Structures are given as C-alpha cells and as structure tokens.
Trainee: 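Encoded as structure tokens, here's the structure I'll be asking about.
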Number of protein chains: 2
Amino acid sequence: MSNKSQTKAKVLDAAELLFAEHGFAETSLREITARAEVNLASVNYHFGSKKSLIEAVFDRFMESFTNQLITEMAELDKNSEQVTVNQVLGTLVKPLIYIDEIRPNGSSVFMKLLGRAYAETQGHIRRFAMERYSHVLARFTRLLHKASPSLSPAEMFWRLHFMLGSFIFTLAGHEALQEISESDFNQAVTVEQIINRLIPFLSAGFDSNEAPAKIMSAGEA
Amino acid sequence: MSNKSQTKAKVLDAAELLFAEHGFAETSLREITARAEVNLASVNYHFGSKKSLIEAVFDRFMESFTNQLITEMAELDKNSEQVTVNQVLGTLVKPLIYIDEIRPNGSSVFMKLLGRAYAETQGHIRRFAMERYSHVLARFTRLLHKASPSLSPAEMFWRLHFMLGSFIFTLAGHEALQEISESDFNQAVTVEQIINRLIPFLSAGFDSNEAPAKIMSAGEA
DNA sequence: CCAAAAGTTAAACACTTGTTTGAAACATAC
DNA sequence: GTATGTTTCAAACAAGTGTTTAACTTTTGG
C-alpha cells in the first residue's frame with residue numbers, strides 16, 4: 001500500500017494523452033508504458049486490463065468535472081429563483097476551464113476523450129459513464145426544465161442532445177478549428193472564447209419555441 | 001476488366017456495415033471478407049490496402065450525398081432570390097433521406113461512419129473528405145451567407161461547425177437516442193423526424209444575433 | 001531485523017493483425 | 001485452341017497485440 005509509487009499516475013498521464021491523440025484501439029500498451037517510462041506489465045498489475053485502464057483515464061476527468069459542475073449548479077440553484085438557459089449552460093464553463101489549470105490542455109484532452117468515447121465500440125464507455133454519472137445529468141436536466149418549463153420532456157431530451165453534440169464535437173476538434181480560424185481570419189481564439197461563442201448559439205436554439213415541422217425542400221410549394 | 005465481378009461491391013457492402021457498427025480499427029479484414037463471402041486477399045487485390053478500403057466505403061456515400069446536395073442547392077439558388085437559414089439547412093434533408101432508399105438504413109450507416117471518421121486517428125479521413133468535397137462545403141457556406149449576410153465570416157465559420165457537430169453527433173448516435181425516446185416517452189421516431197426537430201433548433205441558433213459575451217457563472221455579480 | 005506483502009522486471013505466451021505469395025481458375029481475344 | 005490478362009484462392013509471413021509468468025527488488029508492519 002505504498003503511495004510513493006507514482007507508476008499508476010504515470011500510466012494514467014501517458015494513457016490519457018495517447019488515447020486522446022490516437023484513439024483507444026490505436027494506442028498500444030507498449031506505447032503507453034514506453035511514454036510513461038514504466039514496465040509493460042504494470043498496466044495489468046495496477047489496472048487489470050486495458051479496458052479498465054480506459055475507464056480509469058476517463059473517470060479521473062469525469063470526477064473532477066462533475067464535482068465542479070455540481071458545485072456550480074448548486075450555487076445557481078440557491079442564488080436565483082428564476083434561471084435562464086444561458087445561466088444553466090454557463091455552469092459548464094468553470095468546470096471545463098478548471099481542467100486546464102489541473103493539467104496543460106486539459107479541457108482539450110478531456111473533450112477529445114469524450115468524442116472518442118462517444119464513437120467507441122458498442123458504446124461501452126458511454127454506458128459506463130451514464131451509469132456512473134446519471135445523477136449529474138439528471139440535475140442538469142432539472143435546471144434546464146426550470147429555465148424552460150414549457151418545453152415538453154421529449155423536446156427537452158432532444159435539444160439537450162443537440163447541445164451535447166455541438167459541445168463535444170466543437171471542443172474535441174477545437175485544435176483544427178483554431179488553426180483555420182487563425183489562418184483564415186487572423187483570429188487566435190482560446191477554448192474559453194469558443195465556449196462563449198457556443199453558449200449563446202445553443203441558448204438561442206434551446207429557447208426557440210418553433211415546433212418541429214416539415215422542412216420544405218426547394219422544389220416544393 | 002470484367003465488370004461481372006461483384007466481389008468489389010460485396011466487400012464494400014460488408015465493410016460499410018461492419019465499420020459503422022464496430023469502427024474502423026476494430027473491424028478486421030477477415031471479418032469483412034467472411035461476411036462478404038469472398039477471399040481474404042481480394043481486399044488487397046481490389047483496394048490495395050485497408051486504408052484505401054475505408055476511403056472507398058466513405059467515398060461511395062459521399063458521392064451520392066454530395067451530388068444530391070448540389071442539386072438541392074442549385075434549385076434553391078435559382079428559385080428564391082432571398083433564402084432563409086431554414087431553407088439552406090433544408091437542402092440536407094432530401095439527400096440524407098434518399099440514402100435510405102438506396103440501401104436499408106443507409107442514412108443511419110452513413111452518419112455512423114461520419115461520426116467514426118470524425119474521431120479517426122489523426123483525422124486522415126476528415127482531411128481526405130475535405131480535400132475531395134471542399135467545393136460542396138464552399139457552396140453551402142455561400143448559401144448560408146446569402147441567408148444571413150450580416151454575420152461576420154468568423155462568426156459564420158464557428159456557427160457552421162456548431163451545427164455540424166449537432167448534426168453528426170445526433171445522427172451518428174441516433175439509435176441509442178431513439179431507444180431512449182421510445183422507452184422514456186413512448187415515442188418512436190424516424191431519422192427524418194429527428195432531422196426536422198434538429199433543423200429549427202440549429203436555425204434559431206444560427207440566426208441569433210447575440211454577440212459572444214462573457215458568460216457569468218453563478219457566483220459572480 | 002526479518003518475514004510477508006507490494007511492486008517491478010524481462011521474457012515468453014497465445015493470438016490476431018494486414019499483407020504477400022504463387023499456383024489455380026477464369027475470362028477474353030486472336 | 002492457345003495465349004494473355006484478370007481474378008480468386010489457400011497458405012504462409014512478419015509484425016504487433018494484450019496478457020501471464022516467475023524471478024527479482026522494494027516496502028511495510030510486527
């Protein structure tokens with residue numbers, strides 16, 4: 001039970017970077033242990049299997065993130081009788097930015113992992129995360145309902161996932177987007193700036209009271 | 001040069017299903033050739049490599065999709081002097097739905113592939129697709145500008161990618177979402193219905209004229 | 001201080017991967 | 001019909017995979 005052993009942490013550090021950069025299946029334990037400068041067998045010793053390592057990497061981010069998010073949501077809950085969608089989405093900002101303070105480019109790595117986890121085989125990570133953090137999502141949903149009580153649960157559900165898609169997709173690929181933004185518009189942007197652009201966009205979509213209707217294609221009357 | 005040989009098509013058919021279901025790296029050529037009922041070596045014979053096979057699978061969808069999309073955009077362009085964002089986004093509907101007529105669950109498979117391609121190692125498919133179909137994206141962007149000329153190019157760029165994220169993310173994971181929708185709200189939904197819910201959501205976001213501003217967190221004044 | 005537990009290590013294991021090979025089967029053209 | 005080019009096939013290949021083993025070192029608690 002020595003906590004002096006840093007090899008577990010070293011493996012996690014190396015794994016999260018490589019997983020984010022190259023994906024789960026495309027990253028071998030040998031690459032991870034080489035980068036971490038530990039023995040190959042230590043992954044199986046400390047984590048049991050590669051699959052468990054993936055979950056552990058994921059979990060380390062989620063725990064930090066959800067803890068902060070819960071704090072933010074609680075604060076919003078008690079400070080404001082009435083809340084706006086903008087405010088609810090705003091609770092995501094601090095927890096995300098905070099990750100950048102914990103480790104370099106943290107929010108970027110986290111979102112890349114989320115994006116990859118999402119596309120993962122059979123969605124086994126998604127299931128794992130949903131089980132483990134469903135209460136956080138439930139609370140977030142409750143806040144959204146408070147902000148927009150007229151929305152039906154079904155409409156709410158879909159719009160929530162529309163927003164999730166934008167969030168993960170944008171932040172997971174933000175590096176490429178940042179490059180384009182710089183070269184095409186001479187505008188360097190930070191992750192925080194992207195989020196601050198994204199939230200009004202999503203708020204407007206979420207607040208829209210347009211009913212889902214058939215979209216006319218160009219040819220029809 | 002016999003075109004009677006169907007093995008190329010059989011490989012493509014098997015590959016696109018397995019790639020969509022399990023991912024690129026997680027699908028072996030042996031699984032593909034077994035399902036296609038062709039010899040293992042035929043993949044390398046007809047496509048050269050697994051990487052080229054992935055591109056070929058992707059390309060078959062993209063060609064059908066972009067061709068239809070160009071038609072839709074051209075029609076909108078000549079029929080309407082002034083266009084709305086809703087209409088521009090509407091040009092995506094038919095090309096997507098049409099894929100379902102070509103093969104069973106086509107749009108679903110296509111979107112799953114898109115989702116996976118997006119998260120792909122080093123984004124080599126994304127690069128490949130951007131090179132090959134950049135003119136289609138350019139035309140789509142031009143239409144969006146026509147619908148919303150006051151938007152700065154940079155703002156436009158970001159909102160376009162916000163929409164892309166929602167689209168791909170939602171449709172790539174639509175099966176899981178459909179399941180939840182059915183069990184939680186007793187509402188069976190089709191891909192088309194999802195799109196018709198998504199487009200007004202995105203239109204509202206895109207049309208929003210709110211400037212990107214600092215989002216207040218719950219604690220601040 | 002020393003036995004037991006925890007951690008590390010190099011080597012091997014069993015298996016799967018994409019790709020190549022060279023012969024066989026087939027098609028086409030002269 | 002034979003020659004030519006194309007396609008299929010079973011088999012093998014080299015390389016890489018996650019995991020296990022058993023010997024070794026280090027840390028820990030009595």
Side-chain angles (χ1 to χ4, degrees), chain A residues 1-60 113 116-117 119-122 124-125 128, chain B residues 1-60 113 116-117 119-122 124-125 128:
Chain A
M1 245 196 214
S2 85
N3 57 358
K4 254 185 66 198
S5 153
Q6 292 173 314
T7 101
K8 210 169 162 178
K10 284 203 281 184
V11 169
L12 283 173
D13 288 344
E16 77 179 25
L17 278 170
L18 291 170
F19 283 153
E21 219 55 50
H22 305 127
F24 301 114
E26 296 87 352
T27 303
S28 70
L29 294 184
R30 282 167 180 81
E31 293 177 75
I32 295 172
T33 52
R35 172 174 254 252
E37 294 178 314
V38 301
N39 188 270
L40 168 63
S42 46
V43 171
N44 286 279
Y45 177 77
H46 283 289
F47 298 94
S49 68
K50 185 183 181 181
K51 190 173 160 182
S52 302
L53 171 62
I54 296 175
E55 291 179 359
V57 165
F58 202 68
D59 223 28
R60 195 164 62 150
L113 285 176
R116 295 200 183 277
E120 186 63 6
T121 309
Q122 278 278 70
H124 99 260
I125 302 177
F128 163 77
Chain B
M1 247 200 210
S2 84
N3 56 359
K4 260 193 52 207
S5 152
Q6 292 173 313
T7 100
K8 211 169 161 177
K10 285 203 280 184
V11 169
L12 283 173
D13 288 344
E16 77 180 24
L17 278 170
L18 291 169
F19 283 153
E21 218 55 49
H22 305 128
F24 301 114
E26 296 86 351
T27 303
S28 70
L29 294 185
R30 281 167 180 81
E31 291 177 76
I32 293 172
T33 53
R35 171 175 255 248
E37 292 177 315
V38 301
N39 188 271
L40 167 63
S42 46
V43 170
N44 286 279
Y45 176 77
H46 284 289
F47 298 95
S49 67
K50 185 183 181 181
K51 188 173 162 181
S52 303
L53 171 62
I54 295 175
E55 291 180 358
V57 164
F58 202 68
D59 223 28
R60 195 164 63 151
L113 284 176
R116 295 200 184 278
E120 187 61 7
T121 307
Q122 278 278 72
H124 99 259
I125 301 177
F128 164 77

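Every chain is numbered from 1, with letters handed out A, B, ... down the list of sequences. Model, not experiment: these values are computed from the prediction.
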Trainee: Just the rounded figure in Å: distance from C1' of dT27(D) to NZ of Lys8(A).
Mentor: 17 Å
Trainee: Compare every heavy atom of Glu16(B) with every heavy atom of Leu113(B), then report the nearest pair and how far apart it is.
Mentor: CD2-O, 4.1 Å
Trainee: Only counting residues at least two apart or in another chain, list the ones meeting side chain to side chain donor-acceptor pair (under 3.5 Å) with Asp59(B).
Mentor: Arg132(B), Tyr133(B)
Trainee: For nucleotides 14-19 of chain C, read 5' to 3', which letter fits each nucleotide if B means a protein heavy atom sits under 4.0 Å from the base, S means only the sugar-phosphate is that close, and - means neither?
Mentor: ---BBB
Trainee: Ignoring backbone atoms, establish whether His46(A) has a side-chain N or O less than 4.0 Å from OP1 or OP2 of dT8(C).
Mentor: yes
Trainee: Got a donor-acceptor contact below 3.5 angstrom from the Lys50(A) side chain to the Phe24(A) backbone?
Mentor: yes
Trainee: Rounded to the nearest Å, what distance is computed from the OH atom of residue Tyr45(A) to the C1' atom of nucleotide dT8(C)?
Mentor: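 In whole Å, dT8(C) C1' lies 9 Å from Tyr45(A) OH.
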Trainee: Once you round it to whole Å, what is the distance between P of dT7(D) and CD of Gln6(B)?
Mentor: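 Going from CD in Gln6(B) over to P in dT7(D) covers 14 Å.
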Trainee: Testing the basics here: between Glu37(A) and Lys10(A), what is the closest heavy-atom pair and its distance to 0.1 Å?
Mentor: O-NZ, 4.0 Å
Trainee: Is the phosphate of dT7(D), meaning OP1 or OP2, less than 4.0 Å from a side-chain N or O of Asn39(B)?
Mentor: no
Trainee: Restricting to side chain to side chain contact (heavy atoms under 4.5 Å, CB included), what partner residues turn up for Leu18(B), sequence neighbours left out?
Mentor: His22(B), Thr27(B), Glu31(B), Ile32(B), Arg35(B)
Trainee: Okay, side chain of Arg116(A), backbone of Phe19(A): is any donor-acceptor separation there less than 3.5 Å?
Mentor: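 Yes, because the side chain of Arg116(A) sits within donor-acceptor range (under 3.5 Å) of the backbone of Phe19(A).
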Trainee: OP1, OP2 of dT8(C) versus side-chain N and O of Thr7(A): anything below 4.0 Å?
Mentor: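 Looking at the OP1 and OP2 atoms of dT8(C), one of them is under 4.0 Å from a side-chain N or O of Thr7(A).
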